[in-house]
2 protein chains.
Amino acid sequence: MLSKKTKYALHALTHLGQKEERTPVQIQEISEAYGISHKFLENILLELKKAGILGSKKGKGGGYYLIKEPKEISLSKIIRLLDGPIALVPCASLNYYESCVECQDEATCGIHRVMIKVRDEMLKTLDNKNLEDILKE
Amino acid sequence: MLSKKTKYALHALTHLGQKEERTPVQIQEISEAYGISHKFLENILLELKKAGILGSKKGKGGGYYLIKEPKEISLSKIIRLLDGPIALVPCASLNYYESCVECQDEATCGIHRVMIKVRDEMLKTLDNKNLEDILKE
DNA sequence: ATAAAACCTATAAAAAAAGTAGGGTAAGTA
DNA sequence: TACTTACCCTACTTTTTTTATAGGTTTTAT
């Protein structure tokens with residue numbers, strides 16, 4: 001399951017994507033709309049900004065806005081950013097690889113082999129879904 | 001990522017599946033082979049037994065053994081049993097459904113709609129991989 | 001009988017996730 | 001220039017989940 005962090009990020013991105021114009025939206029507007037703690041959401045939006053997904057404007061009338069096309073914002077990207085690895089085991093992760101302590105030999109480990117396949121299929125799914133799909137209709 | 005519980009379960013099932021005969025294997029043999037705490041593994045094997053995947057024999061010479069064909073033991077089944085939902089959000093879960101508190105209307109929620117698709121695709125992947133695949137070669 | 005091993009319930013420790021606090025810094029407005 | 005607004009940053013606390021432990025009970029083989 002996704003963490004609340006990632007879920008909140010999806011809601012925030014959806015909210016920003018639904019706006020006609022890409023004018024800055026204040027944290028408070030989003031936090032109130034979904035009942036998310038202001039400060040918690042602040043951290044999340046900041047991460048999205050650092051990742052180059054959102055832009056921000058300071059001062060009066062400031063806030064956050066999308067700087068990427070919804071189509072360019074894939075689920076895999078958001079999940080990786082806020083939740084970490086897509087793979088089910090560390091030894092099958094592309095971006096967060098770690099060898100498994102309990103595993104004697106990765107080369108002959110059937111779990112490893114199957115989990116690589118699982119990761120590839122999951123990635124195909126998650127790369128293929130983006131913010132535009134969420135906004136549709 | 002899978003919990004250690006699920007990972008250990010996979011190692012244990014693999015271990016049992018590799019045996020030529022389906023004679024009882026003691027917890028200790030498995031826990032030592034993979035460096036898993038004896039007691040922790042005990043709980044896991046017990047769950048697998050209650051789920052009808054393993055059989056057991058008490059007393060001297062006792063232990064656990066597979067009572068299902070490896071082909072019948074899918075990843076989805078093991079993950080659901082030990083880790084819970086496959087879906088990424090509670091409102092998209094088949095077996096562990098819960099409505100999302102921050103969601104005003106599930107019927108019009110784009111996140112919900114997309115996450116149902118994601119779940120379906122993930123399930124296809126995980127239903128389709130089983131212990132036999134892990135044991136192969 | 002005795003030893004070996006699964007079975008069961010409850011609890012504790014550790015780790016991760018979720019949320020809070022408070023101030024710093026930049027930008028806009030008058 | 002002064003004031004306000006809202007982003008930016010760091011650290012900390014609380015809560016929840018995961019991981020592990022403890023101690024006894026029951027069953028079976030020898």
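Only a predicted model underlies this, so the values are computations on that prediction, with no experimental measurement involved. Values reported hereafter were calculated over all heavy atoms of this structure, with side chains retained and with hydrogens, waters and symmetry mates removed. Chain naming here is simple, since letters A, B, ... match the order of the sequence lines and numbering starts at 1 in each.
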Exercise. Mapping A/Gly59 and B/Lys39 to their closest nucleotides on DNA chain C, which lands nearer the 5' end?
Worked result: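 Here B/Lys39 is the residue nearer the 5' end.
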Exercise. DNA chain C: A/Lys57 or A/Thr6, which has the more 5' nearest nucleotide?
Worked result: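 Nearest nucleotide further toward 5': that of A/Thr6.
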Exercise. Per the atom types in the model, does the base of C/dC8 pair as donor or acceptor with the side chain of B/Glu42 at under 3.5 Å?
Worked result: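 Pair found.
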Exercise. Does the C/dG19 base have a donor-acceptor partner in the side chain of A/Lys4 within less than 3.5 Å?
Worked result: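 There is none.
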Seminar exercise, completed: On DNA chain D, more 5' by nearest nucleotide between A/Asn43 and A/Lys60 is A/Lys60
Can you measure [X] atom [atom1] to [N] atom [atom2] for me and round it to whole angstrom units?
| X | N | atom1 | atom2 | value |
| --- | --- | --- | --- | --- |
| B/Met1 | C/dA15 | CE | P | 16 Å |
| B/Gln28 | C/dA6 | CD | C1' | 13 Å |
| B/Leu48 | C/dA6 | CG | P | 14 Å |
| A/Phe40 | D/dT13 | CZ | P | 18 Å |
| B/Glu47 | C/dC7 | CD | C1' | 13 Å |
| A/Glu29 | D/dC7 | CD | P | 11 Å |

Exercise. Any side-chain heavy-atom pair from B/Pro70 and B/Asn130 closer than 4.5 angstrom?
Worked result: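 Of all side-chain heavy-atom pairs linking B/Asn130 with B/Pro70, none is under 4.5 Å.
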Exercise. Between A/Leu131 and A/Lys71, is any pair of side-chain heavy atoms under 4.5 Å apart?
Worked result: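 No - every pair of side-chain heavy atoms lies 4.5 Å or more apart.
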[X] vs [N]: side-chain N/O to OP1/OP2 distance below 4.0 Å:
| X | N | value |
| --- | --- | --- |
| A/Tyr64 | D/dA6 | no |
| B/Ser37 | D/dT21 | yes |
| A/Tyr65 | D/dA6 | no |

For this session: Look only at the side chain of B/Arg113 and the backbone of A/Asp133, and say whether a donor-acceptor pair between them is shorter than 3.5 Å.
Result: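 Yes, because the side chain of B/Arg113 sits within donor-acceptor range (under 3.5 Å) of the backbone of A/Asp133.
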Problem set entry | Check: A/Thr108 side chain, A/Asp105 main-chain N or O, donor-acceptor pair, under 3.5 Å |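 Judged by distance alone, yes, a pair lies under 3.5 Å.
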Problem set entry | Touch class at under 4.0 angstrom, heavy-atom based, for A/Leu45 against every strand present |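 No contact.
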For this session: Would you mind classifying the nucleic acid contact of A/Lys7 as base, sugar-phosphate or nothing, using non-hydrogen atoms under 4.0 angstrom?
Result: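 Contact class for A/Lys7: none.
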Exercise. Given the rule that I, L, V, M, F, W and Y join up when any side-chain heavy atoms are under 4.5 Å apart, are A/Ile79 and B/Ile116 in one cluster?
Worked result: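 A/Ile79 does not cluster with B/Ile116.
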For this session: With the side chain of B/Ile27 defined as its heavy atoms from C-beta on, choose the nearest nucleotide among C/dC8, D/dC9, C/dA6.
Result: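 Of all the options, the side chain of B/Ile27 is nearest to C/dA6.
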